[in-house]
Amino acid sequence: MASGHVVETTLEFPYKRSLGPVIGAFLTGLRDGQITGVRTASGTVLVPPLEYNPETGDSVDPTPVPVGPEGEVTTWTWVPEPAPHHPLDHPFAFALIRLDGASTALTHVVDTGDPAVLHAGLRVKPRWRPAGERQARIDAIEAFVVAEGGGAGDAGGAVAGRGAGDEGGGDRG
Amino acid sequence: MADDKVVAEDLVMEQKVTLHYSEPLPPNFVRFGEGLLAGKFIGARCPSCGRVYVPDRGYCPLCAVMMSAADELEVDDKGVVASYTVITPVNYYGQTKTEPFVFASILLDDTTTVMRGQDITGIPTEQVHAGLRVAAVWLPPEERSLEGISARGGASLEGSVTSFAPTGEPDLSEDAYRGYEF
Amino acid sequence: MSEPCAVIGIGQTHHTKARADVSQFGLVREAASRALADAGLEWRDIDAVVIGKAPDAFEGIMQPELFLAEALGAVGKPMFRVHTAGSVGGSTVIVGSHLIEAGIHDRVLVVAYEKQSEGNAQWGLAGGRSGGIGAGGAFAPFVRAYIERSKAPEYVGWQVAVKDRLNALKNPYAHLKIADISLEKVQESPMLWDPLRFLESCPSSDGACAMVLASPAAAAAAAAAAAAGGSGSGAPPAWIAASSVRSELGFFPGRDAVRPQAGVDCAHDLYRRAGITDPRREIDMAELYVPFSWYEPMWLEGHDIAPLGEGWKMTEQGETEMTGSFPVNPSGGVLSSNPIGASGMLRMAEAALQVRGQAGEHQVHMHHGRALGQAYGGNAQYFAMAIFTAAQPA
Amino acid sequence: MARREIAIVGWGQTPSQRRAQASEVQLLFEAIDAAVKVAGITRRDIGFTCGGSCDYLTGGPFAFVTNLEATQAWPPIAESHVEMDGAWALYEAWVRLQHGDIDTALVFGSGKSSPTDPGALYPQQLDPYYLQPLGIDPVSLAALQGRALLETGRATEADFAGVVAHSRQAALDNPNAQLRGTTDVSVLLAEPLVRDPLRRHDLPPISDGAAAIVLAAGDRAREISDHPVWIRGLDHRVEPHQPGMRDLTVSTSTTLAAARAGVSDGPIDVAEISSVFSPQELILRDALGLGPGVDVNPSGGPLAANPVMSTGLIRFVEIAHRLAAGDGGRGVAHATNGQCLQHNMVCVMEAP
């Protein structure tokens with residue numbers, strides 16, 4: 001009975017989060033391959049969409065506003081050794097991505113295979129999970145990948161290209 | 001233009017949260033655990049007020065003085081039921097208990113300490129009552145472990161003492177355990 | 001006492017088992033926007049936000065004030081979160097009122113909530129471990145000891161359970177609506193934590209409560225705006241004539257867990273500050289935190305409203321009915337709605353509604369315009385109490 | 001502004017440890033013992049008590065109920081608790097002391113970070129719909145903030161390393177620090193990146209610890225202490241939660257709180273700020289308007305010791321004991337809550 005006896009405990013629970021109209025519309029939109037925001041009274045397009053204007057608290061018109069699907073990295077970091085709770089099992093980037101038409105940046109994952117590819121302003125597009133597997137969750141987009149012509153080591157990004165976009169193209173009015 | 005496909009059940013997202021904790025037992029609980037494995041209750045007497053706590057928490061909360069191994073002593077594993085209830089297990093994620101169990105607070109003899117949350121066996125549940133004289137029912141030494149002791153002060157005896165059982169001695173009156181019904 | 005604090009806006013959600021139609025943002029905003037509407041104010045008019053909520057593990061979000069701040073219009077403002085276990089909803093109101101009474105802010109939004117359907121309270125209270133006893137298991141021994149001490153007949157607990165559920169039928173926001181509740185139904189319900197039966201125990205709810213607290217100047221401005229046709233309800237404010245909090249250790253030799261000293265001291269301090277010498281006669285009604293039936297008589301004695309061993313007689317003789325001499329929990333109380341983080345604030349809000357004459361179908365007659373709101377938590381060791389009055393304190 | 005003068009008259013902290021064997025309540029007991037001893041009073045002389053802790057750190061519900069046992073809460077006391085850093089417990093007590101009916105308060109913060117992996121725990125502190133499911137850890141968020149700062153051209157990776165070198169050097173004189181030593185920028189920049197642009201030393205250590213402070217009002221403060229440290233201004237403000245909905249390279253809430261606390265109303269001799277990651281010190285210096293001449297984090301700051309839930313309160317302790325010792329006339333303490341400096345508190349203190 002070493003004096004260094006250690007107590008191991010695990011806290012585990014499958015929480016069920018109800019989403020409400022705005023978050024529900026956004027996440028089911030992702031499930032259907034479409035990215036949307038909401039527009040505040042002052043014209044700011046919030047992505048991800050919120051039920052309220054974060055600056056004032058006032059309610060926001062919940063009408064989904066199509067944005068993207070492409071956008072620009074504003075800041076990023078590289079995760080060289082992903083942990084179990086990370087979204088990908090190979091090195092990847094977390095980034096803030098301002099989608100075309102959005103006033104704010106979405107926090108998400110960028111999978112370029114090589115950190116050297118990353119820079120402020122990098123054009124990226126979504127790599128959707130296969131339609132059958134997609135759920136109403138932020139990770140319906142598995143990751144963003146380099147947009148123009150596919151960057152080096154862009155795991156399948158280039159191939160997915162326009163194809164994935166057609167299903168739920170951003171131009172659906 | 002909320003999408004009509006968005007029906008109520010779609011609007012729930014499951015998020016399983018799993019967190020692992022590993023915390024060393026404080027020295028006082030290690031000594032208490034070693035006592036349990038040896039079939040003994042180790043308590044501690046406050047140097048300022050003389051109250052005896054089991055287990056030793058490392059301090060007396062009433063005098064606000066720290067305590068150490070020097071204040072520790074062995075305490076008898078007998079006592080009296082000060083208060084109790086019978087818990088009908090409610091099902092929830094991770095709950096394994098299914099049968100009702102007694103949850104009793106035992107005031108240990110010659111101490112000012114309650115061993116909370118003890119099961120009472122050797123008597124039909126409906127006959128359990130405050131004032132009942134009981135003694136600890138120990139697991140055989142080789143089956144004992146420090147399962148129940150947590151670093152946050154929760155010192156359940158699960159790993160060594162399965163329950164308390166009547167000793168057959170006459171009941172004690174309420175003034176013997178008044179002030180220990182928590 | 002420095003500046004008195006007024007309650008000029010009250011809002012709550014329709015408490016229910018699960019609000020699958022809203023996010024947690026939606027739940028708290030529903031209560032907060034109703035309180036703002038009642039006060040005739042916008043989000044931007046609020047100077048500071050205080051949030052109350054019980055254990056984070058209930059919904060699995062650590063320090064939820066961080067993600068909720070912007071949803072409650074707190075950006076650019078002071079905002080913090082209070083957590084005193086079950087009494088948190090009550091202590092949050094008191095912490096918010098201190099900001100007004102200290103002259104630091106003029107308009108403070110206090111919000112408390114719990115969305116228990118997303119997690120599981122029993123799992124949370126057990127720290128995620130098997131063998132959890134729930135709050136019922138923790139308090140049942142104290143209930144048994146009270147029954148043995150007071151020699152009260154067992155049906156008194158059933159009477160409280162019936163009374164609160166019938167009251168709830170007159171409260172549109174209450175969770176449980178058991179129209180056919182009866183002593184027999186309660187008696188026949190399964191025993192969960194001996195001696196407490198299922199129908200003597202509180203439900204698990206999703207719900208939120210919010211109040212707008214104001215300085216005298218801000219209260220006067222809100223009244224004037226409403227009088228001039230503004231959007232506020234125009235209902236008179238309720239004033240916090242006095243408030244008090246007390247805590248004691250949960251487990252120590254010599255503790256009277258049946259009539260905790262912290263509850264006695266909290267009540268005496270409260271009555272002293274409010275200038276009350278005979279609470280039974282000078283207070284019109286009380287919203288007491290009664291999550292398990294027997295706590296009505298136990299708190300009547302625990303706060304010296306009824307003499308020792310006599311609390312259950314007030315219940316038995318119908319004194320605590322809506323039409324009785326000392327109505328308790330006309331809202332249906334915690335036995336009818338229990339979003340744990342909000343339950344303490346609901347007691348304060350319902351007491352304030354009574355004083356403002358705004359309790360609708362469950363409004364009771366207010367002789368002195370004075371109501372008591374009380375909440376307790378932990379191992380019956382945390383207490384938050386306040387006296388609400390129609391008249392503005394000196 | 002507040003009418004009643006409130007002073008810090010006692011303080012205590014436990015040495016920051018990578019993995020303490022003592023329980024959280026035992027650490028807290030030690031810190032409170034030290035604080036009341038410095039004040040020269042006992043727990044019985046306290047009028048109001050407020051603590052800060054977080055159940056999720058040790059994974060059990062109601063850690064704060066056990067912590068109550070360190071305060072001698074019998075006979076019953078007037079007490080409250082925030083599930084936040086002890087600095088916010090100090091704020092609540094500072095408000096409570098304004099009323100005039102209570103003259104002394106004990107505030108504290110305690111927590112053990114060693115029992116669980118911060119990378120798995122802190123995503124729980126984020127928006128449950130958009131951020132938690134990504135499992136984005138606190139180091140990644142701090143790195144996004146660091147990268148954004150570099151992109152403005154207002155800072156370089158060498159500046160980050162300079163913050164760390166100063167922290168380790170200053171910590172040589174701090175018995176409670178966990179990481180200390182003499183090093184230089186070039187050595188630090190040679191270390192591998194952990195989360196571009198951050199290296200291991202740009203991150204805070206994992207620490208267990210507790211801290212406590214005794215406050216007293218007006219004449220009571222002068223009775224208790226012959227060198228009370230007066231709180232001249234105290235304010236805190238919050239910003240939006242979503243990282244993509246605010247400018248991570250500035251701290252508008254710190255600037256707002258600093259203005260309300262009156263930082264610029266006089267010279268600042270010493271500052272202790274809760275820069276938990278090295279880039280944050282540069283952002284906070286600007287937000288607080290601290291010129292190059294101001295001695296920042298002479299204790300080594302959170303990069304040398306980061307006992308979560310008392311890191312912010314320790315900033316107050318480090319300023320108070322310096323001003324009380326005559327080591328400066330006017331000081332600033334800053335605490336933060338949440339990630340990427342989402343919620344910030346600023347306090348201006350003056351020597352006796």
Side-chain angles (χ1 to χ4, degrees), chain B residues 8-9 11-19 21 49 51-53 57 60-62 81-97 100-105 107 111-114 116-117 119 125-126 128-130 148 150 152-154 156 158 174 177-182, chain C residues 18-23 26 57 59-62 117-134 136-146 148-149 190-198 201 204 248-260 379-381:
Chain B
E9 67 280 6
L11 292 176
V12 175
M13 176 188 92
E14 181 157 317
Q15 177 73 18
K16 174 173 273 190
V17 173
T18 305
L19 295 171
Y21 293 89
C49 68
R51 291 187 178 89
V52 174
Y53 299 91
R57 308 181 209 194
C60 169
L62 296 179
V81 173
S83 70
Y84 72 97
T85 180
V86 178
I87 307 282
T88 305
V90 171
N91 190 31
Y92 57 81
Y93 187 84
Q95 165 78 290
T96 52
K97 284 192 185 271
F101 57 93
V102 179
F103 182 87
S105 292
L107 169 59
T111 77
T112 55
T113 276
V114 156
R116 191 164 172 265
D119 194 6
T125 303
E126 54 283 2
V128 173
H129 56 275
S150 91
R152 280 184 309 286
S156 89
E158 273 162 53
E174 207 232 347
Y177 53 84
R178 179 76 181 260
Y180 294 95
E181 292 111 328
F182 49 83
Chain C
R19 284 290 302 273
D21 60 321
V22 289
S23 66
E59 290 83 11
I61 301 165
M62 177 180 172
S117 64
E118 309 216 339
N120 182 293
Q122 295 292 335
W123 174 88
L125 293 172
R129 277 191 285 275
S130 175
I133 62 166
F139 299 137
F142 310 160
V143 167
R144 177 192 310 286
Y146 171 77
E148 281 168 9
R149 284 186 198 176
M191 185 73 79
L192 283 189
W193 304 288
D194 187 359
L196 291 169
R197 294 178 177 280
F198 174 71
S201 310
S204 169
E248 70 182 41
L249 299 175
F251 311 98
F252 65 89
R255 180 175 190 230
D256 183 349
V258 177
R259 186 172 185 267
N379 199 35
Q381 68 193 103

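Residue numbers begin at 1 in each chain, while the letters A, B, ... track the order of the sequences. Predicted model, so just to flag it, every value in this text is computed and none were measured.
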Test ring pair (Phe, Tyr, Trp, His ring centres under 6.0 Å) applied to C/Phe251 - qualifying residues, sequence neighbours left out: none

Check against side-chain contact (heavy atoms from CB on, under 4.5 Å), B/Phe103 and C/Trp193: CA-CA 9 Å; B/Phe103 182 87; C/Trp193 304 288; over 6 Å; no

N/O donor-acceptor pair under 3.5 Å between B/Thr88 side chain and C/Met191 backbone: yes

B/Thr85 side-chain N/O to C/Gly137 backbone N/O, donor-acceptor pair under 3.5 Å: no

Derivation and outcome, side-chain contact (heavy atoms from CB on, under 4.5 Å), residues B/Leu62 and C/Leu249: CA-CA 9 Å; B/Leu62 296 179; C/Leu249 299 175; 4.0 Å; yes

Under 4.5 Å from any heavy atom of chain C - which part of B/Glu174: side chain

Student check: side-chain heavy atoms of C/Phe142 and B/Ser83 closer than 4.5 Å: no

C/Gly132 backbone acceptor or donor facing B/Tyr92 side chain under 3.5 Å: yes

Any donor-acceptor pair under 3.5 Å from C/Ser130 side chain to B/Thr96 backbone: yes

Side-chain donor/acceptor of C/Arg144 to backbone N/O of B/Tyr84, under 3.5 Å: yes

Side chain, backbone, both or neither of C/Leu192 within contact of chain B (heavy atoms, under 4.5 Å): both

Residue, of C/Leu196, C/Asn120, C/Val143, that accumulates the most heavy atom pairs under 4.5 Å with chain B: C/Asn120

Evaluation steps, side-chain contact (heavy atoms from CB on, under 4.5 Å), between B/Arg178 and C/Asp256: CA-CA 8 Å; B/Arg178 179 76 181 260; C/Asp256 183 349; 4.2 Å; yes

Non-neighbouring partners of B/Tyr93 that pass ring pair (Phe, Tyr, Trp, His ring centres under 6.0 Å), sequence neighbours left out: A/Phe13

Segment of B/Val114 engaging chain C (4.5 angstrom heavy-atom cut-off): neither

Heavy-atom proximity to chain C below 4.5 Å, by part of B/Pro61: both

Note: B/Glu181-C/Arg149 ion pair, threshold 4.0 Å (strictly below): yes

Check: C/Asn379 and B/Arg116 side chains under 4.5 Å, non-hydrogen atoms: yes

Contact origin within C/Ala138 toward chain B - heavy atom pairs under 4.5 Å: both

Heavy-atom check, side chain of C/Pro141 versus side chain of B/Phe182, under 4.5 Å: no

Atom group of C/Asp21 that falls short of 4.5 Å from chain B, counting heavy atoms: neither

Option that, when pairs with chain B are counted at under 4.5 Å, heavy atom only, ranks first among C/Ala140, C/Gly131, C/Ala380, C/Ala145: C/Gly131

Check: B/Gln95 side chain, C/Trp123 main-chain N or O, donor-acceptor pair, under 3.5 Å: no

